[in-house]
Amino acid sequence: MKTTTNLTNPSDQWETPEDLFDAINNEYGFTLDAAATAWNNKLSNFYNELNNSLVQDWIGTVWLNPPYSRGNINAFMRKALNEFKNGNAKAVVALVRLDPSANWFTHFVHGQAHEVRMFPRRVKFVGASSGYPFPCCLVVYDESKAVLDEHGNVVTQYKIWDW
């Protein structure tokens, strides 16, 4: 099944608030914005629909604010985990909806990500009239944050983080 970002779906194009991005970028120093448009990119090095992020290698330290629509979020979170595990990405940090009941969260976040940073407040995306109606979080794939259980499996650390 081919998945592409739906450019006619404005909910897939919300721009990350500058203060949130600056806070996490100060920690990570991102080198690639893996899901952006020409008008909402946070870095000069970015992938958009035209160069299809889902088929490109994600090299370096990756920022990801993926499209949240059904199918897209699953594809982007699968890609984020795969790019981290295959060694292309040194780290991947994704701004996503906090939804532990979703299949993508079960398969690509819990027990895979090193951290989930939950926010104590709603994210107000650039251009939105109010905060996003659902909780969001940062999903962090970063070996330096790794905690392993007695069998060597990743233990996802859940933390409250306010930027």
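All figures in this text were calculated on a predicted structure; none of them were measured in a lab. Note: hydrogens, waters and symmetry copies are ignored here, and every other heavy atom, side chains too, is used.
Residue W39 shares its hydrophobic cluster (ILVMFWY side chains chained together at separations under 4.5 Å) with no other residue.
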### Task
Step by step, work out the side-chain hydrogen bond (donor to acceptor under 3.5 Å, both in side chains) result for N72 and S69.
CA-CA 6 Å; N72 280 314; S69 61; 2.8 Å; yes
### Task
Would you sort out whether W163 and D19 count as a side-chain hydrogen bond (donor to acceptor under 3.5 Å, both in side chains), showing the intermediate values?
CA-CA 7 Å; W163 66 98; D19 59 340; 3.1 Å; yes
### Query
Run the side-chain contact (heavy atoms from CB on, under 4.5 Å) check on F105 and N103 step by step: do they pass?
CA-CA 5 Å; F105 199 97; N103 283 336; over 6 Å; no
### Task
Please step through side-chain contact (heavy atoms from CB on, under 4.5 Å) for the pair V116 and Q157, ending with a clear verdict.
CA-CA 6 Å; V116 173; Q157 301 295 300; over 6 Å; no
### Query
side-chain contact (heavy atoms from CB on, under 4.5 Å) between R78 and F108: does it pass, once the steps are laid out?
CA-CA 6 Å; R78 175 186 294 116; F108 309 120; 3.6 Å; yes
### Message
Determine whether Y47 and L32 satisfy the following criterion, side-chain contact (heavy atoms from CB on, under 4.5 Å), listing intermediate values before the conclusion.
### Response
CA-CA 8 Å; Y47 291 143; L32 173 67; 3.7 Å; yes
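Taking the six-membered ring where tryptophan is involved, the planes of F119 and W161 are tilted, since the angle between them lies from 30° to 60°.
Residues L138 and I160 fall within the same hydrophobic cluster, defined by Ile, Leu, Val, Met, Phe, Trp and Tyr side chains chained together at heavy-atom separations under 4.5 Å. V92 and V147 sit in two unconnected hydrophobic clusters of ILVMFWY residues. Membership requires side-chain heavy atoms under 4.5 Å apart, directly or through other members. Hydrophobic clustering (ILVMFWY, side-chain heavy atoms < 4.5 Å, transitive): Y158 and V154 are in distinct clusters. Note: the hydrophobic cluster containing L54 does not contain I59 (ILVMFWY, side chain heavy atoms under 4.5 Å, direct or indirect links).
Closest heavy-atom contact between R97 and Y132: CD-OH, 4.0 Å. Of all heavy-atom pairs spanning L95 and Y68, the tightest one is O-OH, 3.0 Å. For the residue pair A34 and L64, the shortest heavy atom distance occurs at CB-CD1, 4.0 Å. What you find for K79 and S53 is that their closest heavy atoms are CE-O, 3.5 Å. The nearest pair of heavy atoms linking T156 to A113 is OG1-O, 2.8 Å. Here the shortest heavy-atom pairing between T16 and V126 reads O-CG2, 3.5 Å.
Every residue was checked against the ring pair (Phe, Tyr, Trp, His ring centres under 6.0 Å) condition with H107, not counting sequence neighbours, and none meets it.
Between E143 and K90 there is no salt bridge, since no side-chain nitrogen of the basic residue lies less than 4.0 Å from a carboxylate oxygen of the acidic one.
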Side-chain donor-acceptor pairs of residues 23-31 under 3.5 Å, sequence neighbours excluded:
unit_1	atom_1	unit_2	atom_2	d
N25	OD1	F30	N	2.8
N26	ND2	D22	O	3.1
E27	OE1	R117	NH1	2.9
E27	OE1	R117	NH2	3.4
E27	OE2	R117	NH2	2.8
E27	OE2	K145	NZ	3.2
Y28	OH	D142	OD2	2.8
T31	OG1	T61	N	2.9
T31	OG1	T61	O	3.2

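Between the side chain of D149 and the backbone N or O of V155, no donor-acceptor pair lies under 3.5 Å. With hydrogens and angles disregarded, a donor-acceptor distance shorter than 3.5 Å links the side chain of Q56 to the backbone of N51. In this structure a side-chain-to-backbone donor-acceptor pair under 3.5 Å is present from T37 to N40. Within the 3.5 Å criterion, the main-chain N or O of N88 finds a donor-acceptor partner in the side chain of N86. Side chain of E83 to backbone of W58: a donor-acceptor contact under 3.5 angstrom is found. Under the 3.5 Å distance criterion, the side-chain polar atoms of Y141 are left unmatched by any main-chain donor or acceptor of A89. A distance-only check finds no donor-acceptor pair linking the side chain of N48 to the backbone of A36 [under 3.5 Å].
At least one side-chain heavy atom of V109 sits less than 4.5 Å from a side-chain heavy atom of W104. Residues C137 and V96 are in side-chain contact: their nearest non-hydrogen atoms beyond the backbone lie under 4.5 Å apart.
Here F21 and W63 bring their ring centres to under 6.0 angstrom of each other.
In this structure, CG on N41 lies 4.0 Å from CZ on F46, to the nearest 0.5 angstrom. Rounding to the nearest 0.5 Å gives a distance of 6.5 Å between CE of M118 and CG of L98.
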